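Notes for the one structure printed next.
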Amino acid sequence: MHSYLQAIGFSNITKDELDHLIYEAIRKPDSHEVALDSDGNEFVELDFEVCEHTGIAIRGVYDTDDNFKVDYYFPYCKGGNFSTDAELEIIKQSDKESYQGFCDEMRLGVNLIFYLQNAIEYLQKSSHGYDGNRFRRSYLTGLSLEGKILLPVAEPTVKKTDKKTTDRTSLVAAAREGDEDAIESLTIDDMDTYSKVSKRLISEDVFTIVDTYIMPYGIECDRYSIMGEILEYRLTRNEITREDICIMKLDVNGLLFDVCVPKREVMGEPAVGRRFKGNVWLQGRINF
């Protein structure tokens, strides 16, 4: 059973209930897409929505008797927020016909990896002779099992502006090309920030200093620990289990994406301007 089913409102589902749900999804899917996989076989994705833009995707093949054979499934939440235009590559997982997006996001200073939701669309492009594995414009979302709501930071250590973000991104790009002046400038800036933070940590909590962050979490490469400012917030409901789901649009280090989390597993009251802190499974769609 997928560990992130709870994120879309299936917290108490049993194995028999899940089997019945998958059977119903195969019988009456909300959408149906077909492509040729990497071995040239017909590969199918069936989407079954439990609320708007959120549901379970089932991937597999039809046998010679036209019976659908499930390869695997996963819960999803499709976000509409443009997150990054960093150049990215698509990497196939070795054990099954699923893919991950890999990009070098300069605003974060780390490689960003996410589970590719529209893999069928990628396969369709590839089977029609699309020659290339580098793309731009990704729309990210995160599934989370629980989280906390924090108050906003009154006085951030470093006042963020668009110009500062742009300047730092340019410096990081130049440093990766071997520009010694850019490396020196980044080093001095980091030392200055470290000095300011160290002084404030003597009398303050770290979450009153750091306003947002994103960093890898655990051993799986598409899992992240995040804290971001809530820009929008809405409550929706799983139409099958009737469980409430929070969907929050977050600003995480300049990245904008939605996070889907069960309402009852959120400690605190979400509101615009407050912050959400939790661990997420990062998913995304690429605009081909």
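Nothing here was measured: the structure is a model prediction, and the numbers come from that model.
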* Let me see the working for Asn41 and Val61 under side chain to side chain contact (heavy atoms under 4.5 Å, CB included), right down to the final yes or no. => CA-CA 8 Å; Asn41 301 315; Val61 296; 5.6 Å; no

* Enumerate the residue pairs fulfilling side chain to side chain donor-acceptor pair (under 3.5 Å) with a member in residues 50-59, sequence neighbours excluded, ordered by first and then second residue. => Glu45-Arg59, Arg59-Tyr72

* Asked: Got a sec: does the CE of Met1 have more than 12 other heavy atoms crowding it under 6.0 Å?
  -> yes

* To do: Answer with yes or no whether the hydrophobic clustering places Val266 together with Leu5; edges join I, L, V, M, F, W, Y residues whose side-chain heavy atoms lie under 4.5 Å apart.
  => yes

* **Shared-cluster residues of Ile188, by chain and number - hydrophobic side chains joined below 4.5 Å** => none

* ILVMFWY network linking Ile91 to Phe74, side-chain heavy atoms under 4.5 angstrom -> yes

* **All pairs passing side chain to side chain donor-acceptor pair (under 3.5 Å) where residues 260-271 contributes a residue, at least two apart** => Ser11-Arg264

* Asked: Shortest non-hydrogen contact from Ile8 to Ile245?
  -> O-CD1, 3.2 Å

* **Residue list, side-chain hydrogen bond (donor to acceptor under 3.5 Å, both in side chains) with Arg274, at least two apart or on another chain** => none

* Is the shortest heavy-atom distance from the side chain of Ser225 to the side chain of Tyr213 under 4.5 Å? -> yes

Between side-chain atoms of residues 141-148 and protein atoms elsewhere (two or more places apart, or another chain), which donor-acceptor pairs fall under 3.5 Å?
from: Thr141; atom 1: OG1; to: Cys77; atom 2: O; distance (Å): 2.7
from: Thr141; atom 1: OG1; to: Gln117; atom 2: NE2; distance (Å): 3.4
from: Ser144; atom 1: OG; to: Glu146; atom 2: O; distance (Å): 2.8
from: Ser144; atom 1: OG; to: Asn279; atom 2: O; distance (Å): 3.0

* To do: Decide side chain to side chain contact (heavy atoms under 4.5 Å, CB included) for Phe43 and Asp71; before the verdict, give the C-alpha distance in whole Å, the side-chain angles of both, and the deciding distance to 0.1 Å.
  => CA-CA 10 Å; Phe43 197 65; Asp71 187 7; 3.9 Å; yes

* **Non-hydrogen side-chain atoms of Leu151 and Phe207 separated by less than 4.5 Å** => no

* Under the 3.5 angstrom rule, does the side chain of Glu97 hit a backbone N or O of Ala119 as a donor-acceptor pair? -> no

* Nearest heavy atoms of Leu46 and Pro29, plus distance in Å -> CB-CB, 4.0 Å

* Backbone N or O of Arg242 within a donor-acceptor pair of the Asn238 side chain at under 3.5 Å? -> no

* Hydrophobic cluster (4.5 angstrom, side-chain heavy atoms) - remaining members for Leu231 -> Leu256

* **Glu17: partners by salt bridge (charged side-chain N to carboxylate O under 4.0 Å, His left out), with sequence neighbours left out** => none

* Asked: Would you say Asp179's side chain and Asp181's backbone share a donor-acceptor pair under 3.5 angstrom?
  -> yes

* Taking every non-hydrogen atom, the tightest pair across Tyr115 and Ser98 -> OH-CB, 3.5 Å

* **Approximate separation, where rounding is to 0.5 Å, of Tyr122 OH and Lys92 NZ** => 10.5 Å

* Quick one: side-chain hydrogen bond (donor to acceptor under 3.5 Å, both in side chains) partners of Tyr23, sequence neighbours excluded? -> none

* **For Lys69 against Asp63, the heavy-atom pair lying closest together** => CE-OD2, 3.2 Å

* Taking all heavy atoms of Arg275 and all of Val153, pick out the closest pair and write down the distance. => NH1-CG2, 3.3 Å

* Structure fact -> Rounded to the nearest 0.5 Å, the CG atom of Asp258 sits from the SG atom of Cys246 at a distance of 12.0 Å

* Is the NZ or CZ atom of Arg223 positioned over Tyr217's six-membered ring, under 6.0 angstrom from the centre and within 45° of the axis? -> no

* Asked: For the residue pair Ala25 and Ile58, what are the closest heavy atoms and their distance?
  -> CB-CD1, 3.4 Å

* **Side chain proximity check, Tyr224 to Leu112, heavy atoms < 4.5 angstrom** => yes

* To do: Enter the distance from Leu150:CG to Glu229:CD here, rounded to the nearest 0.5 Å.
  => 12.5 Å

* Asked: Just by modelled atom types, is the His2 backbone N or O under 3.5 Å from a matching donor or acceptor in the Tyr73 side chain?
  -> yes

* Quick one: does Val44's side chain get under 4.5 Å of Phe68's, heavy atoms only? -> yes

* To do: Using the rule that two of Ile, Leu, Val, Met, Phe, Trp, Tyr join whenever any of their side-chain heavy atoms come within less than 4.5 Å, decide whether Ile149 and Ile247 are in one cluster.
  => no

* Asked: What orientation do Trp281 and Tyr4 show, parallel under 30°, tilted 30 to 60°, or perpendicular over 60°?
  -> tilted

* State which residues pass salt bridge (charged side-chain N to carboxylate O under 4.0 Å, His left out) with Lys15; sequence neighbours excluded, sorted by chain then number. => Asp19

* Asked: Rounded to the nearest 0.5 Å, what separation is found between the OH atom of Tyr76 and the CZ atom of Phe48?
  -> 9.5 Å

* What distance do Ile226 atom CD1 and Leu282 atom CG have between them, rounded to the nearest 0.5 Å? -> 8.5 Å

* Polar side-chain atom of Asn118 near backbone of Glu121 as donor-acceptor pair, under 3.5 Å -> no

* **4.5 Å side-chain heavy-atom contact, Thr212 and Asp251** => no

* Asked: Does the pair Ile13 and Ile240 meet the rule for a side chain to side chain contact (heavy atoms under 4.5 Å, CB included), with working shown?
  -> CA-CA 11 Å; Ile13 192 169; Ile240 296 174; over 6 Å; no

* To do: Measure the shortest side-chain to side-chain distance between Gln6 and Pro262 over non-hydrogen atoms and say whether it is less than 4.5 angstrom.
  => yes

* **Side-chain heavy-atom pair Leu88, Phe114 within 4.5 angstrom cut-off** => yes

* Side chains of Tyr99 and Leu123: closer than 4.5 Å at any heavy-atom pair? -> yes

* Residues two or more places apart in sequence or in another chain: which of them pass ring pair (Phe, Tyr, Trp, His ring centres under 6.0 Å) with Tyr233? -> none

* To do: Decide whether Ile286 and Ile120 are clustered together by the hydrophobic rule: side chain heavy atoms of Ile, Leu, Val, Met, Phe, Trp, Tyr closer than 4.5 Å, transitively.
  => yes

* Qualifying residues under side-chain hydrogen bond (donor to acceptor under 3.5 Å, both in side chains), relative to Tyr62, sequence neighbours excluded -> none

* Structure fact -> Rounding to 0.5 Å, atoms CG (Leu116) and CD (Gln93) come to a distance of 10.0 Å

* For the side chain of Gln124 and the backbone of Val34, is there at least one donor-acceptor N/O pair under 3.5 Å apart? -> yes

* Who passes salt bridge (charged side-chain N to carboxylate O under 4.0 Å, His left out) against Asp47, sequence neighbours left out? -> Lys78

